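Written out below as structure tokens is the structure these notes cover.
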Amino acid sequence: MMAAFIFVVSVVIFLQFFVFYCRSLIAVSAKQPLSPEVQEVTGIQRAASGDDFKRVMQLLHLCPERPEDRKGIQAVGAYFQLLNLVASTVARWIPSTKSWTDSERGHCTYFAAIALERRISFSREMLAQQMDS
Amino acid sequence: MPGTLQLLVWLLCTLFEIAVIVCALKKGVFRRYALLSIYMGASVVVSLARFRVLTGYGYTSSQYVYVYYYSDALLTIFLYFALANLYAQVLSELKAERHVRFATLFLLAATALFSYGVVHEASTRLISRFVVELSQNLYFVGLVVTYILWGAILKMRETRTQLIQVVLSLGVYFSLFAADYALRNLYPSMRSISIPLQQVIGCFLPLAWAYTFWYIPEDARTVPARLATVSR
């Protein structure tokens, strides 16, 4: 009984902390501007749309991986899936949540675009180091 | 001997723990988050000790299970001190260091007394169910304390992004572990996957902290209320 109670409470609090943590990751990247080059590659000119997330992630996976940002990208990817689930279930009954999920999905796309920018500059640095040596 | 995947997870987790200390030192936040960094140092030592027992006695041996769960309980108690340090930072304006110190000692004494009570009650099943129950309760208390700290952050309008991310990742870590232990307690047959699952979950905290120390500038600010509310 005690274990079941702890399990349910832990899962509920986990969901809260997980959403807040992902939003804090996204909030930090939202303050960084996208370079014109990445804007052109991703097609994000002004506001990012959730529909572009999959495409930006595909571009991200083409670049050499950086272990430091792997967990953040995975966490935001899971958050994006959670938002999709909310959009396809809860938003049907409560239409006001649809605009919120759309905006959050757009923020996830922007986060992925910032991660792409970091990976591109990381690849450039690696290439420059190789050229020097 | 452990499998390749288990070895890889162990190695990655230990490297991430070392990375937290390196990132904290390199970015000049070691003193601010001294207890968190020392906790990570203790985790590295425990990781090495576990590996020694693992290679000496084997993955399914009672020695490994004993060392794993008891070192885990000790590390969790150590993490309480780190949490107290975070409380002191959030409540620094209230000059509440003394109260925080008192509350930490009280919590530790209560946890120790509770643990003693459970040991006394369950001395015949010391390794099997007792340690799981103890760890489950320790993580759950940690989760509740972190949740209260998050409430204090919202109430005090704390805006330091580093501190906010450290606390939120700690909340994710505690809740995942508490849920995992509770599930393990509900279904004891899940023991075979419980430890590997915990090792994977265990990688989350050092990686999240290393990311925070490395990428988030010390003067970065976030409004926590914005993270907790749904914008319309």
Side-chain angles (χ1 to χ4, degrees), chain A residues 1-32 66-76 78-79 82-83 86 90-91 94-107 111 114-115 117-118 122, chain B residues 12 15-16 19 23 132-133 136-137 139-141 143-144 146-147 150 153-154 161-162 164-187 203-208 210-212 214-217 220-224 226-232:
Chain A
M1 188 64 190
M2 185 69 177
F5 169 76
I6 288 178
F7 178 73
V8 172
V9 173
S10 302
V11 169
V12 171
I13 298 181
F14 162 73
L15 281 173
Q16 277 194 30
F17 271 126
F18 178 70
V19 170
F20 297 159
Y21 179 67
C22 289
R23 293 185 82 184
S24 74
L25 289 175
I26 289 167
V28 172
S29 69
K31 289 171 188 165
Q32 295 167 17
R66 306 176 65 209
E68 310 96 279
D69 63 8
R70 193 191 301 156
K71 215 72 180 181
I73 292 165
Q74 280 176 352
V76 173
Y79 180 52
L82 187 72
L83 288 168
V86 172
V90 182
I94 312 164
S96 60
T97 54
K98 185 155 181 4
S99 60
W100 176 74
T101 50
D102 284 347
S103 138
E104 285 296 301
R105 286 166 78 242
H107 291 154
F111 174 86
I114 291 290
E117 181 146 350
R118 279 186 188 151
F122 174 66
Chain B
L12 278 175
L15 285 175
F16 294 149
C23 291
V132 180
E133 276 175 31
Q136 171 201 270
N137 295 337
Y139 278 109
F140 189 66
V141 171
L143 175 61
V144 172
T146 313
Y147 199 68
W150 173 243
I153 285 176
L154 289 173
T161 309
Q162 265 189 355
I164 289 169
Q165 288 206 352
V166 163
V167 172
L168 287 175
S169 51
L170 201 55
V172 171
Y173 174 82
F174 271 132
S175 51
L176 278 174
F177 263 99
D180 179 73
Y181 271 109
L183 206 61
R184 157 88 169 75
N185 232 345
L186 282 171
Y187 303 102
C203 290
F204 172 79
L205 195 65
L207 203 53
Y211 178 90
T212 302
W214 192 256
Y215 280 119
I216 312 296
R221 293 287 182 267
T222 303
V223 181
R226 278 197 195 161
L227 305 176
T229 52
V230 175
S231 56
R232 288 175 194 278

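Quantities reported herein were computed from a predicted structural model and do not represent experimental measurements.
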query = Of the backbone (N, CA, C, O) and the side chain (C-beta and beyond), which part of A/Gln16 lies under 4.5 Å from a heavy atom of chain B, both, or neither?
reply = side chain
query = What part of A/Ala27 is in contact with chain B, defined as an atom under 4.5 angstrom from a non-hydrogen atom: side chain, backbone, both or neither?
reply = side chain
note = Residues B/Tyr147 and A/Ile13: closest non-hydrogen pair is CD1-CG2, 3.6 Å
Return the [atom1] to [atom2] distance between [X] and [Y], rounded to the nearest 0.5 Å.
| X | Y | atom1 | atom2 | answer |
| --- | --- | --- | --- | --- |
| B/Ile153 | A/Phe20 | CD1 | CZ | 11.5 Å |
| B/Thr222 | A/Ile26 | OG1 | CD1 | 12.0 Å |
| B/Ile164 | A/Tyr21 | CD1 | OH | 13.0 Å |

inquiry  = A/Ser10 and side chain to side chain contact (heavy atoms under 4.5 Å, CB included): which single residue from B/Phe177, B/Tyr181, B/Phe174, B/Phe140 fits?
reply    = B/Phe140
Heavy-atom cut-off 4.5 Å, strictly under: side chain, backbone, both or neither for [X] against chain A?
| X | result |
| --- | --- |
| B/Ala178 | both |
| B/Thr161 | side chain |
| B/Ala208 | both |
| B/Leu170 | neither |
| B/Tyr173 | neither |
| B/Ala179 | both |

ask   = Given side chains that start at C-beta, do those of A/Phe17 and B/Trp150 come closer than 4.5 Å, heavy atoms only?
value = yes
Option in B/Trp214, B/Tyr215, B/Tyr139 with maximal non-hydrogen atom pairs under 4.5 Å from chain A = B/Tyr215
Which of A/Val9, A/Val11, A/Leu25 touches chain B most, by non-hydrogen pairs under 4.5 Å = A/Leu25
